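Shown next, in structure tokens, is the structure this report addresses.
Note that the coordinates shown come from a computational prediction; the quantities given were computed from them, not determined experimentally. Chain letters run A, B, ... following the sequence lines, proteins first, then strands; residues in each count from 1.
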2 protein chains.
Amino acid sequence: MTTLSDIAKVAGVSSAVVSRIVNDDKTLRVSEETRQRVLKAVEELDYAPNIAARTLRSAKSGLIAMVVHDVTNPVYAEIMRGAQTAAGDNNRALLLFDASATEQSASRLVDIIGGSGIDGMIIQSAGGIPERVLARAARQKVPTVLLQADLDAEAHLICLPDEGASEIATNHLIELGHRQIGCLSTARDMTFSRRRLDGWKKAMAAAGIDHGAGQIVYCSSDMESGRTGCAQLLDANPELTAVVCFNVMAAVGAMKEIWSRNLDIPGDISVVAIHDVSFAEFLKAPLTTVAMPLFELGKRAVEIAIDGTRPKGTSTIDNAEPELIMRASTAGPKTAR
Amino acid sequence: MTTLSDIAKVAGVSSAVVSRIVNDDKTLRVSEETRQRVLKAVEELDYAPNIAARTLRSAKSGLIAMVVHDVTNPVYAEIMRGAQTAAGDNNRALLLFDASATEQSASRLVDIIGGSGIDGMIIQSAGGIPERVLARAARQKVPTVLLQADLDAEAHLICLPDEGASEIATNHLIELGHRQIGCLSTARDMTFSRRRLDGWKKAMAAAGIDHGAGQIVYCSSDMESGRTGCAQLLDANPELTAVVCFNVMAAVGAMKEIWSRNLDIPGDISVVAIHDVSFAEFLKAPLTTVAMPLFELGKRAVEIAIDGTRPKGTSTIDNAEPELIMRASTAGPKTAR
DNA sequence: GAGATTTGGTAATACGTTTTACCAATTATT
DNA sequence: AATAATTGGTAAAACGTATTACCAAATCTC
């Protein structure tokens with residue numbers, strides 16, 4: 001490994017000068033020819049600063065930890081891409097943890113936080129994060145940003161435009177002529193579920209449509225959970241002609257349940273989901289979705305994690321709008337035809 | 001931050017003892033009561049070793065860099081999950097880089113490699129990796145493992161049981177009665193394409209089926225490329241009753257092309273693909289696939305990256321078999337019905 | 001030409017670990 | 001009782017960087 005003093009020796013200066021040139025220290029006064037000599041040596045000896053030493057000295061590692069609930073989920077993947085991009089732009093690297101492989105990786109994460117190995121932490125994990133991780137981060141004063149989570153006084157919070165997205169989805173069905181619209185929500189205890197539900201209710205109310213409590217069913221954001229949730233919804237409301245699903249993976253499961261009852265999509269039941277995924281268009285019924293600014297969410301998250309000046313609190317992604325992507329899983333209801 | 005000497009002070013010993021107790025140094029002889037005193041102080045003061053200092057001293061960071069071609073691709077996601085799990089088991093953390101966000105993240109990666117910030121590197125990126133990353137890793141003697149790539153003398157190599165998987169897929173079609181079977185390969189210059197092609201040819205030959213050169217078309221592993229590749233295949237071979245796709249995402253695109261020609265799957269054309277994904281069962285035609293041991297691939301990759309004793313060379317995942325997952329995109333050909 | 005300022009740097013220290021070499025006091029051996 | 005071996009540790013150096021305080025020589029000011 002080439003070190004600062006190797007360069008210093010070659011260039012005939014002290015290592016302090018080399019360090020200050022490499023780090024572009026504005027307060028350093030040095031002759032142009034010395035600077036060139038150093039830069040040349042840096043180039044020739046292929047110098048790269050030792051990250052551990054730099055971290056030790058400056059207490060800044062350039063690493064940001066990101067905890068994802070399930071790496072495999074394409075919805076989260078898009079968030080990761082956004083975070084990845086922003087990290088690169090800001091000269092940071094992303095440390096990845098999968099919350100579903102909980103125990104070992106959580107322990108490791110706690111170690112890393114405690115060992116001042118990271119500059120910031122981003123958590124996308126609906127509830128899957130052990131308390132001790134958060135507690136440790138708070139104690140260690142690691143800037144933490146929670147994605148779509150509940151308020152934690154110690155952390156930053158970023159939300160998606162959930163209410164708007166849900167309203168768009170619901171209005172789309174209403175405009176097609178539906179009146180019997182079910183709501184397959186995400187987990188009950190998540191605040192984003194609440195916001196999406198508000199959007200759904202708002203749209204329903206604006207159209208003057210009443211609804212029973214049984215028209216709302218909560219489930220998790222995976223296919224299997226969506227399937228059982230949808231079964232519950234259909235059992236309780238046989239008259240339904242449309243469903244808005246608050247999560248696209250749950251929607252995929254819901255569609256399976258609908259088909260298993262020999263119902264047609266969208267012939268008998270229309271389905272619209274929040275979050276777009278690349279394969280939505282290739283499903284048995286190409287799925288109409290409302291795309292969320294997930295890339296932007298990931299990007300914003302690392303920006304906030306990096307920027308120490310921002311006061312803690314909640315912010316919402318507002319520079320990108322949810323967008324309705326119309327495909328073939330929605331159509332007017334039979335009675336309206 | 002709590003440091004070794006904080007602990008030492010509280011426990012009334014030297015920091016050397018604390019370090020050696022924390023690291024479970026077998027050569028240390030210490031009285032049981034001292035050990036307990038130290039352990040108690042560690043607990044109470046909430047000590048965690050400073051990673052930077054440890055790295056600086058021992059030149060082992062506990063970090064493994066993983067470069068993924070496209071985080072969003074579910075096929076790669078499964079590899080990541082395997083790697084993530086193995087990393088946790090071995091008390092390492094995974095540093096994630098997305099090759100598609102190439103330039104910034106590549107520069108950052110080179111910096112990190114050069115700065116001795118990582119213990120190993122895993123590259124899953126069909127061609128997307130800048131030369132300088134590999135070169136730097138080699139110069140820095142960072143153990144590098146290439147997934148499904150071409151032989152590089154400096155690196156370890158891990159392959160999937162490609163030939164077997166492809167043979168299984170092709171045999172499945174042959175057993176259904178197909179004789180006119182197209183091959184939608186992955187990229188021409190990849191050795192795994194070659195191996196899969198060998199499997200296809202082997203199955204065809206074993207069944208005594210001749211084929212023309214035009215029955216093989218190469219494309220990339222994404223939906224759009226699969227679509228155009230399939231178009232080419234169908235144009236050149238109108239008599240085809242089945243296609244084996246070497247990549248599942250390409251298969252999804254291929255299906256789109258087939259449908260756009262008003263052909264039915266599997267009525268007119270059967271489709272089978274290599275790699276299983278969670279949504280395969282929910283596609284318009286639930287896709288028959290051959291699942292590959294991707295989790296195992298990721299897992300093995302970090303194990304090899306960690307284990308410095310293993311000689312360089314190629315190894316194949318052989319403790320897990322490709323598995324045919326039959327769904328509804330394959331059936332006997334029309335003429336056979 | 002004496003004092004003040006600027007130019008172009010340098011020396012030294014701290015960051016927190018790990019590890020090697022060493023040592024005083026106690027216990028065992030003959 | 002003298003020597004040897006064991007017990008239970010300690011002291012100090014090194015890893016490579018960033019940064020503060022300092023300084024000699026050159027140049028400027030009047």
Side-chain angles (χ1 to χ4, degrees), chain A residues 1-39 41-42 45-63 111-119 140, chain B residues 1-39 41-42 45-63 111-119 140:
Chain A
M1 253 218 48
T2 311
T3 71
L4 275 184
S5 35
D6 293 338
I7 304 290
K9 225 167 288 168
V10 170
V13 293
S14 74
S15 64
V17 164
V18 182
S19 171
R20 299 173 70 182
I21 287 181
V22 168
N23 291 358
D24 205 24
D25 179 348
K26 297 299 184 193
T27 73
L28 169 69
R29 330 289 316 296
V30 76
S31 72
E32 189 52 30
E33 64 179 325
T34 304
R35 177 185 300 272
Q36 290 310 323
R37 208 153 15 97
V38 168
L39 256 20
V42 163
L45 297 193
D46 208 17
Y47 170 77
N50 182 301
I51 293 178
R54 168 175 287 184
T55 302
L56 179 57
R57 176 64 227 240
S58 64
K60 283 286 160 209
S61 67
L63 259 35
D111 289 350
I112 289 182
I113 297 170
S116 29
I118 59 170
D119 296 348
Q140 221 66 224
Chain B
M1 254 217 44
T2 311
T3 72
L4 274 185
S5 35
D6 292 338
I7 305 289
K9 225 166 289 170
V10 170
V13 294
S14 73
S15 62
V17 164
V18 182
S19 171
R20 298 173 69 183
I21 287 182
V22 168
N23 290 358
D24 204 24
D25 180 347
K26 299 298 184 196
T27 73
L28 169 69
R29 333 286 316 296
V30 77
S31 72
E32 189 53 27
E33 63 179 325
T34 304
R35 177 185 299 273
Q36 290 310 323
R37 210 156 10 99
V38 167
L39 256 21
V42 163
L45 297 192
D46 205 19
Y47 170 76
N50 182 301
I51 292 178
R54 167 176 287 180
T55 301
L56 179 58
R57 175 63 226 240
S58 64
K60 284 287 160 210
S61 67
L63 258 34
D111 289 350
I112 289 182
I113 298 170
S116 35
I118 60 171
D119 296 348
Q140 220 68 224

- Task: Take the C1' atoms of the five end pairs on each side of the helix from C:dG1-D:dC30 to C:dT30-D:dA1, get both axes, and report the angle to 10 degrees.
- Result: 40°
Set of residues satisfying side-chain contact (heavy atoms from CB on, under 4.5 Å) with respect to [X], sequence neighbours excluded:
{"X": "A:R29", "value": "none"}
{"X": "A:R20", "value": "A:D25, A:T27, A:L28"}
{"X": "A:E33", "value": "A:S31"}

- Can you name the side chain to side chain donor-acceptor pair (under 3.5 Å) partners of B:D111, sequence neighbours left out? none
- Task: Kindly say whether A:K60 contributes a backbone atom to a donor-acceptor pair with the side chain of A:D119 at under 3.5 angstrom?
- Result: no
What are the atom names and distances for every N/O pair under 3.5 Å that joins the protein to nucleotides 19-29 of chain D?
unit_1 : atom_1 : unit_2 : atom_2 : d
D:dT19 : O4'    : A:R57  : NH2    : 3.3

- Query: Does any residue of residues 4-13 of chain B have a heavy atom under 4.0 Å from DNA chain D, and if so, which ones, in number order?
  - Reply: B:V13
Please table the atom pairs, donor to acceptor, closer than 3.5 Å between any side-chain atom in residues 5-12 of chain A and protein atoms at least two apart or in another chain.
unit_1 : atom_1 : unit_2 : atom_2 : d
A:S5   : OG     : A:T3   : OG1    : 3.2
A:D6   : OD2    : A:T3   : N      : 2.9

- Message: By the side chain to side chain donor-acceptor pair (under 3.5 Å) test, which pairs, at least two apart or in different chains, include something from residues 47-56 of chain B?
- Response: A:S116-B:N50, B:N23-B:R54
- Message: Quick check on D:dT10: is either OP1 or OP2 less than 4.0 Å from any side-chain nitrogen or oxygen of B:S14?
- Response: yes
Pairwise N/O distances under 3.5 Å, protein to nucleotides 5-8 of chain D:
unit_1 : atom_1 : unit_2 : atom_2 : d
D:dT7  : OP2    : B:R29  : NH1    : 2.4
D:dT7  : OP2    : B:R29  : NH2    : 3.1

